[in-house]
Amino acid sequence: MNLERYLNPEQYEAVMHTEGPLLILAGAGSGKTRVITYRIAHMIDSGISPYNILAITFTNKAADEMRKRVDDIVGFGADEVWVSTFHSTCARILRRHIDLLGYNNDFSIYDTDDSKKVVNELLKKHDLDSKEYPPKAILSVISSNKNEMVSPEEAEKYAKEDFEKKAAFIYREYRKVLFDNNALDFDDLLLLTVELFRKSKDVLENYRNRFRYILVDEYQDTNTVQFSFIKLLADKYKNLCVVGDDDQSIYRFRGANIRNILDFEKNYPDAFVIKLEQNYRSTENILNAANGVIAHNIGRKEKTLWSKNDKGSKIHFRQFESAKDEAQFVVNDIYTKVRRRDCMRGDCAILYRTNQQSREVEEAMLRENIPYTIVGGTNFYSRREIKDVLAYLKTIANGSDNLNVERIVNVPKRGIGETSLSKARAYAENNEISLFDALLHADRIPSIGKAAAKMSSFASDICVFRERIAEEEFDDIPELISELLDKIGYEQYIKENEDKDEAADRLANIDELISKAAYYEEKFAEDNPEAEKGPTLQDFLNEVSLVADIDSADMSSDKVLMMTLHSAKGLEFPHVYIVGMEDGLFPGDRSVMSMSSEDMEEERRLAYVGITRAKEDLTLTAASSRFLHGRWANFPISRFVREIPEELLDSSVKFKRTSIEDVPSTPSRFSGFGFGNSNPYASAKSTGFKPAGGRPYESTGMLDKNKPKAVAKVQIKPTSQSGSVYASGNSAPTAPKAVAKVPVKSESKSSLDALKSLSKGSDLKSNVNYKVGDRVSHIKFKEGVVTEINSNENGTYVTIVFDEYGQRILDARFAKLNVL
DNA sequence: AACCTTGGTGTTTTT
DNA sequence: CACCAAGGTT
């Protein structure tokens, strides 16, 4: 490999320095990923066994990408490198050895919701008022204690005020409950792995010898327990390379300790330090804007990013009257750029401080029919139907998990109510058995009556699945899930208890889960070419518990991306919009009011991260007032905008509101169709057009849920050459030109729901892109031939004869079929 | 036992 | 506003 051709001198040095502790201070856009991948490739090339390399990345997505890129360079061995996140790495280690700590290897992983439930129950049990002791606050105490490796006993000892004492007490109880349920929360994964290493020298020695070369990306965001984990592993060979940028440390709230990177040279006195300061990503203007902002932080490692890139255009800044105008401006701007062929939709990202800000922008996107993807928000895996199914799977895997048993024991309804359940609970507690075991032998519970039969039938159904897994009767996890759903009648339960749209949504999500399982099976087979068996149920549960929102984001289809500034870390886009640049929002209330310089500096780093995502074009927007926390409030322009050197901004009205007439608009788009037609005032408010007479914009037209009977005339217009119609989520492949009359349902909870169901209506129809006789492929059932397509009032159903699975009738809305 | 209404509450960011 | 929890009703 002639590496010098591909790397600058500093990068080259970092790649070649494979032995001993190494700190790479990599400024934003300085080719960090390039260095890491070439470094791993070089190591493999120079004879180091890929089996001895551990690379910790921040997300699973980054891990997959890194493996792929290494593979592209060396062509072999990349799949033997252990690349994954802290949490996944620890989960894998614990699945093998946690019995040494008294847990069972089939442990469940609890998410934040689960943890919150446990805390709530504990508060109730000990008669503590949840107002005086907010579960959220308690949880954050528990979490930071775990991150700092403080035991409940120590926490109780050091607690001074009443709240601290009670929190420490709940912490102790919480640990007990999780242990009894054989469950681990996110923090436990790290903490218990460190405990394991300290307890078992054999296990530690084993992993030390395995991971002789360790690489940690995004090192500025590691917390104390992660630091210990790495230090324990690396202490024998000391081949530890950490990569990071202290200016991009944005996870203090979850325990990240910026001192880990600032003090690296103190912890490893013989550490070699390399600074990467040449930026290859952004225009000079963008880079200077970022430098101008971050310069206001003190106590950073001194570095100056520079670039040979062009100046580029200036930073655009606009302030609007409301968040709605702001959103409309951004959406119009993207529309215009795309139409002018300045860029593709997928080149544009809209970033915001808080997830709820996505709402206003999403509405504008839907109004203009621009395809988009929202990363994050309500996590797929925290949806009710998904949690239900996963709770069944977790119960099958781990019978001690009372929390998940409670969730599903009467879902779908099987007539097991609170009274009989509390008897079962009491029985379990008195006999020191799990709730599940109590249910299984419900006939032994005193005075329980006819609920006993229902309970034991529920429990034995679960047991049957357990046995069948042990007997290897299921080919794969999708099959297991499908049979489970059949057995418990989940689909029927959803259809009976939700209205049609909602039911369709939920069933689509379940279908998505099955697809994810199928995809995971494939990925597992690729990653473990030697494996004779597929992944276990525990493997799958690991995977789904530890996915980040960003991991499953589809970046390749041409859609505008919307995400929080946090999620955008590590990514780059030609065109970046940051909305909500307001003091009080960004920087947030807390940091403004508390005036804690640490909070404020972290917000500023977040601004720095946001700005440096942009390659060519950066647009910052603000609203002078917005509806927040249930009321209208006024917001001044963010100090971070003011910290950008004035000459870099394009706006002549820099600190004045852009009046609505100044919003550049694209008139042709709004003539003839669109929501605006049904109400000129709504149109005016959202697009910047004033209706004749200049009346004030008080009406929100059909988007107002107080006018439920409104009928919107919508033309779904093709927005690309291929003529696709889009909604959030999956794109649909055909282009109906028809004008659809869609009633806005009175139950619509919000204007957003109304808009969504409108675009979904068109989406569903257009989803059928195949006809009788077509050969199609399905993610689970592989290939087959369409023999029949039927529509009735419930929807469209496709009959397909699959090569391997025979005839199936699938709901056209959910089946993801590709024409071959 | 299941459903519906009301009221009170909270509000960053995420594995 | 939007979500959840508790209480009252069928």
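All heavy atoms count here, side chains included; hydrogens, waters and symmetry mates do not. Quick note on labels: first sequence line is chain A, next is B, and so on, each numbered from 1.
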Polar atom pairs (N or O), protein with nucleotides 1-5 of chain B, under 3.5 Å:
| unit_1 | atom_1 | unit_2 | atom_2 | d |
| --- | --- | --- | --- | --- |
| B:dA1 | OP1 | A:G417 | N | 3.0 |
| B:dA1 | OP1 | A:S420 | OG | 3.1 |
| B:dA1 | OP2 | A:T419 | OG1 | 2.2 |
| B:dA2 | OP2 | A:N410 | ND2 | 3.1 |

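Aromatic ring centres of A:Y171 and A:Y174: separated by at least 6.0 Å.
Separating the CD atom of A:E360 from the P atom of C:dC1 is a distance of 12 Å, rounded to the nearest angstrom. C:dC3 atom P lies 12 Å from atom CZ of A:R384, rounded to whole Å.
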Side-chain donor-acceptor distances from residues 136-145 of chain A under 3.5 Å, at least two apart:
| unit_1 | atom_1 | unit_2 | atom_2 | d |
| --- | --- | --- | --- | --- |
| A:S143 | OG | A:D187 | OD2 | 2.9 |
| A:S144 | OG | A:S140 | O | 2.9 |
| A:S144 | OG | A:V141 | O | 3.3 |
| A:N145 | ND2 | A:V141 | O | 3.2 |

Ignoring hydrogens and angles, write down the donor-acceptor pairs under 3.5 Å from the side chains of residues 126-134 of chain A, residues two or more places apart or on other chains.
| unit_1 | atom_1 | unit_2 | atom_2 | d |
| --- | --- | --- | --- | --- |
| A:H126 | NE2 | A:E173 | OE1 | 3.2 |
| A:D129 | OD1 | A:K131 | N | 3.1 |
| A:Y133 | OH | A:D162 | OD2 | 2.7 |

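In this structure, A:L565 and A:Y352 have side chains that are not in contact, with every pair of non-hydrogen atoms separated by 4.5 Å or more.
Annotation: C:dC4 and B:dT13 have their P atoms spaced 15 Å apart (nearest Å).
A salt bridge links A:R300 with A:D247: at least one charged nitrogen is closer than 4.0 Å to a carboxylate oxygen. Between A:E362 and A:K324, none of the side-chain N atoms (NZ, or NE/NH1/NH2) sits under 4.0 Å from a carboxylate O, so this pair counts as no salt bridge. Electrostatic pairing of A:E121 and A:K124 does not count as a salt bridge here, judged by no charged N lying under 4.0 Å from a carboxylate O. Ion pair A:D221/A:R254 not flagged as a salt bridge, since none of the NZ, NE, NH1 or NH2 atoms sits closer than 4.0 Å to an Asp/Glu carboxylate oxygen.
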- line: Nucleotide by nucleotide, nucleotides 10-15 of chain B touches protein heavy atoms under 4.0 Å in the pattern (B base, S sugar-phosphate only, - none) -BBBBB

task: At under 4.0 Å between heavy atoms, which parts of nucleotides 5-10 of chain C does protein reach? Answer with one letter per nucleotide, 5' to 3': B base, S sugar-phosphate only, - none.
output: -S----

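Defined by atom type and a distance below 3.5 Å, a donor-acceptor pair is missing between the side-chain atoms of A:N542 and A:D539.
Partners of A:T57 under the side-chain contact (heavy atoms from CB on, under 4.5 Å) rule, at least two apart in sequence or in another chain, are A:A62, A:A63, A:M66, A:V83, A:T85.
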